Amino acid sequence: MHIEHAHSFTKEDATARLRALGDYLQRKHGIRVSWSGDKASFSGKYMIVSIQGEMTVGEGRVSFSGKDPGLLWRKKATAYIENKLRTYLDPATPIDDLPR
């Protein structure tokens, strides 16, 4: 599964926002997120779906690559990830207002 998402932040600001998303995923769903520079690796399980992947922050773009959860969950997983990226990379929302 691969998702590309555009953003209007500097690479550093986008990374800070996505680190907040990583904090949220760890706290809310127990998904382990580890960062190395501008790349995050994550793994865990949500309900019955195994989650594994990487996210890379670039200038103007975030790339997400992850294990395909299968036909039954693919559409929901894609919608969830795209929604979180839209929320955390929304310039109208101050970083301090993002859930952690």
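Note that the structure is a prediction, hence the values are computed from the model and not measured. Residues: numbered from 1 along the sequence shown.
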With a 4.5 Å limit on heavy-atom distance, are the side chains of [X] and [Y] in contact?
X     : Y     : answer
Ile51 : Lys67 : no
Met55 : Leu85 : yes
Arg17 : His7  : no
Asn83 : Tyr88 : no
Thr93 : Thr87 : no

Verify the distance criterion only: is there a donor paired with an acceptor across the side chains of Ser63 and Glu4 at less than 3.5 Å?
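Side chains of Ser63 and Glu4: pair found under 3.5 Å.
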
Could you go step by step and tell me if His5 and Arg86 meet the side chain to side chain contact (heavy atoms under 4.5 Å, CB included) rule?
CA-CA 8 Å; His5 187 84; Arg86 262 192 311 276; 3.7 Å; yes

In sequence, state the C-alpha distance, the side-chain angles, and the governing distance for Trp35 and Val57, and then conclude on side chain to side chain contact (heavy atoms under 4.5 Å, CB included).
CA-CA 11 Å; Trp35 284 87; Val57 182; 4.3 Å; yes

Given Phe64, which of Met1, His2, Lys84 fulfils the side chain to side chain contact (heavy atoms under 4.5 Å, CB included) condition?
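The side chain to side chain contact (heavy atoms under 4.5 Å, CB included) with Phe64 is passed solely by Met1 among Met1, His2, Lys84.
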
How long is the gap from [atom1] on [X] to [atom2] on [Y], to the nearest 0.5 Å?
X     : Y     : atom1 : atom2 : value
Leu98 : Arg19 : CG    : CZ    : 15.0 Å
Ser36 : Glu54 : OG    : CD    : 10.0 Å
Asp90 : Phe9  : CG    : CZ    : 7.0 Å
Leu25 : Ile81 : CG    : CD1   : 9.0 Å
Gln52 : Ser43 : CD    : OG    : 6.0 Å
Glu59 : Asp38 : CD    : CG    : 9.5 Å

Worked verdict on Ile31 versus Gln26 for side chain to side chain contact (heavy atoms under 4.5 Å, CB included)
CA-CA 5 Å; Ile31 297 170; Gln26 283 184 308; 5.6 Å; no

Work out which heavy atom in Gly37 is nearest to a heavy atom in Thr15; give both atom names and the distance.
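Closest approach of Gly37 to Thr15: O-CG2, 4.3 Å.
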
Hydrophobic clusters here meaning ILVMFWY residues chained together by side-chain heavy-atom distances under 4.5 Å, can you tell me if Leu71 and Ile3 are in one?
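No, Leu71 and Ile3 fall in different hydrophobic clusters.
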
Donor-acceptor pair, Thr10 side chain versus Asp13 backbone, under 3.5 Å?
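The answer is yes, because a donor-acceptor pair under 3.5 Å joins these two groups.
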
